[in-house]
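Before any comments, here is the structure.
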Amino acid sequence: MDDYMMGVISRALKITRSFERKFYSLLFFNVSLLSPYTTYRISTDVKVRSLKSKAAPFYSKSREETFSKAFPSSLFRVQVVLLGSKPRQTSPAIRAESKPSSPTSNHNLDLRSSLASVKILPGNKGEPKPRSRGLASADLICEPKLVYGEAGYVLEDVPHFADFIPSLPTYPNPLQDNQAYSVVKQYFVNKDDTVAHKIVVHKNNPRGTHFRRAGPRQKVYFQSNEVHACIVTCGGLCPGLNTVIRELVCGLSDMYGVTKIVGIEGGYKGFYARNTIPFTPKSVNDIHKRGGTILGTSRGGHDTSKIVDSILDRGINQVYIIGGDGTQKGASVIFEEIRRRGLKVSVVGIPKTIDNDIAVIDKSFGFDTAVEEAQRAINAAHVEAESVENGIGVVKLMGRYSGFIAMYATLASRDVDCCLIPESPFHLEGNGGLFSFIEKRLKENGHMVIVVAEGAGQELIAESMRCMDQKDASGNKLLLDIGLWLSQKIKDYFSGKRKNATINLKYIDPTYMIRAVPSNASDNVYCTLLAHSAIHGAMAGYTGFTVGPVNGRHAYIPFYRVTEKQNKVVITDRMWARLLSSTNQPSFLHQRDIEDSGEDDKASLEYFETDNGHFVGEVCDDVSSTL
Ligand SMILES: Nc1ncnc2c1ncn2[C@@H]1O[C@H](COP(=O)(O)OP(=O)(O)O)[C@@H](O)[C@H]1O
Ligand SMILES: O=P(O)(O)OC[C@H]1O[C@](O)(COP(=O)(O)O)[C@@H](O)[C@@H]1O
Ligand SMILES: [Mg+2]
């Protein structure tokens with residue numbers, strides 16, 4: 001950033017000066033380097049809205065100018081966000097950080113006192129894809145918080161109170177006097193510790209995306225007696241929900257001496273439709289031994305304003321939200337509304353999904369338990385199938401869009417002959433189809449077991465039944481029962497005129513039995529770590545984040561990262577190949593599928609492509625490919 005740039009920024013800022021006290025002014029100021037050392041394009045985009053109404057900006061001005069100048073930096077974009085009248089929303093200086101390729105690129109620009117932040121984001125080419133957001137007004141403030149470092153290092157940071165409430169007091173972390181923790185060497189994590197998103201790297205690769213490491217900080221933003229925490233569980237059930245609740249209550253109490261902790265009953269709608277229930281370590285002592293959630297849960301019913309009003313009315317200042325991708329989207333809009341109102345309330349998401357389809361994190365809690373519990377159903381199907389002539393066992397497992405439970409349960413069992421998942425479309429008839437494989441396997445072994453994920457083959461059923469798309473209260477697609485449909489199709493095929501063969505098919509649907517069990521030992525420990533990471537983050541003033549392990553280390557992940565896409569089994573990956581080789585089932589893959597899958601990979605690669613052709617960060621969030 002040199003004098004010329006400072007001049008241009010000052011000029012642009014003058015445009016908004018007159019609006020500053022009365023209105024919510026927003027100035028976007030973009031600088032793109034078209035090619036190194038040559039031409040720049042600058043565009044200023046000033047929008048001014050009334051603070052009171054969310055109506056369209058009443059003042060809007062965009063300008064673009066091109067100029068040539070030799071800047072020894074690579075692509076960058078400057079964004080200046082002015083947050084108007086309320087004094088607590090202002091900060092004394094603009095802080096600008098830029099990509100490391102410019103050797104002298106970190107500056108504090110003391111241009112004026114009303115600027116909240118200046119961010120330098122990747123320029124057009126390396127710019128992240130737009131994130132999906134909940135509230136329209138949130139567009140103003142939920143830009144990714146990116147920090148660039150040496151050698152292509154990028155920190156995708158999470159929001160902090162200090163970003164929007166200046167001069168909050170801090171206190172020493174009470175853990176330093178805690179009998180159990182005070183003896184731990186270096187108990188507090190270094191404030192600059194971050195966790196790499198991708199752990200497999202090449203010599204010349206940029207260092208890529210990182211997330212803030214979870215853990216206790218030396219300074220906290222809440223005094224113990226000031227904290228009023230609440231816990232809510234939303235979406236479908238999952239083993240471990242009660243364990244997370246227990247560990248949040250016990251962790252807050254044991255580590256930080258918090259006494260005011262309440263549960264919100266029945267999911268999001270419980271915030272405004274139900275009374276809270278008080279929690280103590282004693283009242284939650286045994287709940288991890290039970291399946292389900294003692295709080296109850298629901299789909300639908302997310303009303304952001306009513307929820308935030310209720311948080312405010314009850315004096316709650318830490319909100320722990322346990323749920324899947326839908327829930328995290330809900331948590332994100334709650335956070336944005338809280339931030340918009342300038343409240344000191346931390347909003348923390350704890351990712352839950354039995355399907356293991358939440359992006360970025362290594363694995364979701366309850367997944368291991370589900371895979372283990374699925375073994376019982378697969379064993380039963382196998383026993384039934386091998387006891388009779390031409391026995392076929394069909395087991396349906398959960399997995400709305402992702403077949404992780406089916407894939408891992410199949411790999412773990414070795415009794416499964418064929419695994420069908422949503423990511424791998426299959427066909428029934430003809431060469432390479434499922435029916436001919438069943439015939440072959442029955443001929444070879446006299447019996448077989450098929451595992452089918454509930455989301456598999458949906459297009460086949462829809463085609464044959466001409467069904468309409470139906471949705472649940474949260475907007476999730478309601479699935480047609482692939483297990484029943486497939487079982488009937490197999491029976492029809494073998495009883496058909498041409499075949500007239502006797503088969504003995506037993507269909508087992510253990511889906512809800514699996515989901516309702518308590519979490520196993522390793523999931524219990526995992527739930528403890530999740531809860532503790534969440535508590536440490538909230539106490540340290542972080543907010544608007546989800547916790548979870550990234551390459552084995554717990555991290556704070558911005559909401560948008562876990563809601564923008566779902567994890568899916570990559571069928572051109574080594575893990576799925578392991579499965580195919582263990583079952584020897586047809587791959588059902590056509591050349592076209594392989595090419596399409598390559599296209600997807602390319603698309604996500606482009607997102608991170610840098611000038612020198614190396615890739616920053618991920619190809620895809622494939623948790624199946626950890627080996
Ligand atoms: N885009 C969204 N914005 C706000 N709330 C949402 C959104 N999607 C889902 N929710 C809310 O999150 C809760 C759980 O969502 P759901 O999809 O049922 O389960 P899960 O969180 O397990 O994916 C529901 O109360 C639903 O209303
Ligand atoms: O019957 P419900 O409660 O809608 O749940 C069924 C769905 O819940 C799941 O177990 C998990 O879904 P969520 O993570 O969205 O809660 C899916 O596998 C399944 O399709
Ligand atoms: Mg979901």
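Order of listing sets the numbers, starting from 1, for every ligand and every atom in it. Only a predicted model underlies this, so the values are computations on that prediction, with no experimental measurement involved. When reading the values below, keep in mind they use all heavy atoms of this one structure, side chains included, and skip hydrogens, waters and symmetry mates.
- For the 3.5 Å distance criterion, the side chains of T511 and D509 qualify, holding a donor opposite an acceptor.
- For the side chain to side chain contact (heavy atoms under 4.5 Å, CB included) with C418, the lone residue among L434, T410, I438, V394 that qualifies is L434.
- Comparing A473, G326, G300 by heavy-atom distance to atom 24 (C) of ligand 1, the nearest is G300.
- Judged by distance alone, the side chains of N275 and E265 never bring a donor and an acceptor atom under 3.5 Å apart.
- Counting the atoms of ligand 1 from 1 in the order shown, those under 4.0 Å from a heavy atom of N476 are 16 (P), 17 (O), 18 (O).
- Each of the atoms 20 (P), 21 (O), 22 (O), 23 (O) of ligand 1 lies under 4.0 Å from some heavy atom of G324.
- Here the options are S474, C234, S332, the test is side chain to side chain contact (heavy atoms under 4.5 Å, CB included), and the partner is T327; only C234 passes.
- Contact atoms of ligand 1 toward D325: 21 (O), 23 (O) (distance under 4.0 Å to a heavy atom of the residue).
- When the options R299, Q566, K269, K352 are ranked by their closest heavy atom to atom 19 (O) of ligand 1, first place goes to R299.
- In this pair, H302 and Y268 present their aromatic rings perpendicular. The plane angle is above 60°, beyond the 30 to 60° band.
- The environment of CG in D313 is crowded: more than 12 heavy-atom neighbours from other residues, nucleotides or ligands sit within 6.0 Å.
- Distances from atom 21 (O) of ligand 1 to the heavy atoms of T327, D355, D357 put T327 nearest.
- Of all the atoms in ligand 1, the ones that sit under 4.0 Å from a non-hydrogen atom of Y268 are 11 (C), 12 (O), 13 (C), 25 (O).
- Across all non-hydrogen atoms, the minimal contact from D417 to M448 is OD2-CA, 3.1 Å.
- Sorted by chain and number, the protein atoms of type N, O or S within less than 2.8 Å of the Mg ion (ligand 3) are D325 OD1.
- One side chain, R314 or S310, offers a donor N or O that lies under 3.5 Å from an acceptor on the other.
- In terms of polar-atom proximity, defined here as any N/O pair under 3.5 Å, K329 makes no such contact with ligand 1.
- Residue contact check for ligand 1: T353 places no non-hydrogen atom closer than 4.0 Å to it.
- Note: F545 and F211 fail the aromatic proximity criterion, with ring centroids not under 6.0 Å apart.
- R341 has a carboxylate O that lies under 4.0 Å from a charged side-chain N of E337, or vice versa, which qualifies the two as a salt bridge.
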Between ligand 2 and the protein, give all atom pairs where both partners are nitrogen or oxygen and the distance is under 3.5 Å, as lines of names plus distance to 0.1 Å.
| unit_1 | atom_1 | unit_2 | atom_2 | d |
| --- | --- | --- | --- | --- |
| ligand 2 | 1 (O) | Y512 | OH | 2.5 |
| ligand 2 | 3 (O) | R299 | NH2 | 3.4 |
| ligand 2 | 3 (O) | R515 | NH2 | 3.2 |
| ligand 2 | 4 (O) | R299 | NE | 3.2 |
| ligand 2 | 4 (O) | R299 | NH2 | 3.3 |
| ligand 2 | 5 (O) | R299 | NH2 | 3.1 |
| ligand 2 | 5 (O) | R515 | NH1 | 2.8 |
| ligand 2 | 8 (O) | R299 | NH2 | 3.2 |
| ligand 2 | 8 (O) | R515 | NH1 | 2.9 |
| ligand 2 | 10 (O) | R515 | NH1 | 3.3 |
| ligand 2 | 12 (O) | R400 | NH2 | 3.2 |
| ligand 2 | 15 (O) | R299 | NH1 | 3.4 |
| ligand 2 | 15 (O) | R400 | NH2 | 3.3 |
| ligand 2 | 16 (O) | G236 | N | 2.8 |
| ligand 2 | 16 (O) | R299 | NH1 | 3.4 |
| ligand 2 | 16 (O) | R299 | NH2 | 3.3 |
| ligand 2 | 16 (O) | K352 | NZ | 3.0 |
| ligand 2 | 18 (O) | D355 | OD1 | 2.8 |
| ligand 2 | 18 (O) | D355 | OD2 | 2.9 |
| ligand 2 | 18 (O) | E454 | OE2 | 2.5 |
| ligand 2 | 20 (O) | E454 | OE1 | 3.3 |
| ligand 2 | 20 (O) | E454 | OE2 | 2.8 |

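- Ion pairing between a basic and an acidic side chain is recognised when a charged N comes within 4.0 Å of a carboxylate O; K568 and D357 show no such pairing.
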